[in-house]
Visitor: 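Below you'll find the structure I mean.
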Amino acid sequence: MLTHDELAIVHLVLNTDCNAWDLTATTTSPGVCRFCYRERNRVSTDADTVRRVIDRVRSESEAHRCVFTGGDPVMPYDNHLEVALRHATEVGFETNLHTNGLLLSERYAGLRDHVTVYSLAVDGPDSETADWFRGQGYFERFLSNVELLTGDQQRLAFNTFTTAGSVKELPRLAQFITGVAQQTDVEYWLISQYRPIGRANAHKAEIYGFERDDFVRAVDDVRGDVNGVTIYAQPTRAPEDPYPFRVWVLADGTVTADLGSVAAPRNAVLGDLRVEGFEPLVRRAFSLREQTQLEGTA
């Protein structure tokens, strides 16, 4: 059994495509979600498989939370999101839905009773900044989702990506989040810098690259502005820097993991938990990560 200290959170990937790519970039935007490193392909699965995958994770770990992610898990096709959320809560998981929210209102009725926290992406305090990242109309939809969820007293969290320009807008975004926290529970605010993780290119670096120290300083400056909301900072990392350990479970049973190097071209594929079990695959990842780190210091 994997203990809570060994693995507190599991990321369940229902698909790796995203509906934000359907948005239109603004005239000054570099392209919708140009920072994204996910490939565009779906995970082929069915409802029974999703349930079995969740059951296997539950029976072999003390993880307390299952994060539903993608791409965007709220897609305009049946990726068994409602089934997965319902079953995860039934077996005792907290659930965290990571979404851009573009189709949240359409599927909200089937989701609301099985989500612990909704993590919404927003990269600026106004449409000019936020739409620059994610496309025309994004900020308007974001505000609509916040109104929907606060009105229903749902727990929220926020994810923010930054550039050298937009990081200066964090104080205004902090004011917005503080206002939301006065209406409903806001669990955390995750603020990220560009993370190349093996997929770096010069164009992205030109758009998003700025000094790590400037990012850390900007985040630290707003920590006192959102009382009661935990702020997590993810600064960019050099190729030799370790990456936080995370396990990703695809809805077809495939298990992958970050083994500690941002230079790796993709997550390491460990195997199928339906065949090999969940705990043995994660322990294999622990061993591989330690080996990778030892090789990096040799």
Visitor: Hey, are D126 and R172 close enough for a salt bridge, meaning a charged N less than 4.0 Å from a carboxylate O?
Guide: yes
Visitor: Decide whether I9 and Y232 are clustered together by the hydrophobic rule: side chain heavy atoms of Ile, Leu, Val, Met, Phe, Trp, Tyr closer than 4.5 Å, transitively.
Guide: no
Visitor: Identify the two heavy atoms, one from R289 and one from D258, that lie closest to each other, and give their separation to 0.1 Å.
Guide: NH1-O, 3.5 Å
Visitor: Applying a strict under-4.5 Å side-chain criterion to I, L, V, M, F, W and Y, I'd like to know whether V83 and V67 cluster together.
Guide: no
Visitor: If you measure only the distance, is there a donor-acceptor pair under 3.5 Å linking the side chains of D17 and Y77?
Guide: yes
Visitor: Given side chains that start at C-beta, do those of L120 and N145 come closer than 4.5 Å, heavy atoms only?
Guide: yes
Visitor: Could E279 and R283 be called an ion pair, given the rule that one side-chain N must be under 4.0 Å from one carboxylate O?
Guide: yes
Visitor: Take F142 and F176 through the ring-ring contact (aromatic ring centres under 6.0 Å, His included) test and state the conclusion after the steps.
Guide: CA-CA 12 Å; F142 166 78; F176 174 84; 5.7 Å; yes
Visitor: Any salt bridge linking D220 with R217? Criterion: basic side-chain nitrogen under 4.0 Å from a carboxylate oxygen.
Guide: no
Visitor: Assess whether side-chain contact (heavy atoms from CB on, under 4.5 Å) is satisfied between V53 and V50, documenting all intermediate values.
Guide: CA-CA 5 Å; V53 166; V50 171; 5.7 Å; no
Visitor: Is there a side-chain contact between V229 and T178, using heavy atoms and a 4.5 Å cut-off?
Guide: no
Visitor: Taking 4.0 angstrom as the limit, do R58 and D55 come out as a salt bridge?
Guide: no
Visitor: Applying side-chain hydrogen bond (donor to acceptor under 3.5 Å, both in side chains) as the test, list every pair that has at least one member in residues 134-144; sequence neighbours left out.
Guide: D123-R134
Visitor: Would you kindly say whether W189 and T230 are connected by a side-chain donor-acceptor distance under 3.5 Å?
Guide: no
Visitor: Whether E60 and R56 form a salt bridge (side-chain N of Lys/Arg under 4.0 Å from carboxylate O of Asp/Glu) is what I want to check.
Guide: yes
Visitor: Does any non-hydrogen side-chain atom of V269 lie less than 4.5 Å from one of T254?
Guide: yes
Visitor: Please verify the inter-ring angle class for H98 with H11; under 30° counts as parallel, over 60° as perpendicular, anything in between as tilted.
Guide: perpendicular
Visitor: Take atom CD in E62; do more than 12 heavy atoms of anything else shown fall under 6.0 Å from it?
Guide: yes
Visitor: Take the angle between the ring planes of Y108 and Y118 and call it parallel below 30°, perpendicular above 60°, tilted in between.
Guide: tilted
Visitor: For S119, which of N159, N96, T99 qualifies under side-chain hydrogen bond (donor to acceptor under 3.5 Å, both in side chains)?
Guide: N96
Visitor: We want to know whether Q234 and S192 form a side-chain donor-acceptor pair, criterion being a heavy-atom distance below 3.5 angstrom.
Guide: yes
Visitor: Between T3 and D5, does any side-chain donor sit less than 3.5 Å from a side-chain acceptor?
Guide: no
Visitor: Can you establish whether the number of heavy atoms outside E211 located under 6.0 Å from its atom CD is more than 12?
Guide: no
Visitor: Consider only side-chain heavy atoms of I, L, V, M, F, W and Y, link residues closer than 4.5 Å, and tell whether L273 and F286 are in one cluster.
Guide: yes
Visitor: Does CD belonging to E276 count more than 12 external heavy atoms closer than 6.0 Å?
Guide: yes
Visitor: So F278 and S61, do their side chains get closer than 4.5 Å, heavy atoms only?
Guide: yes
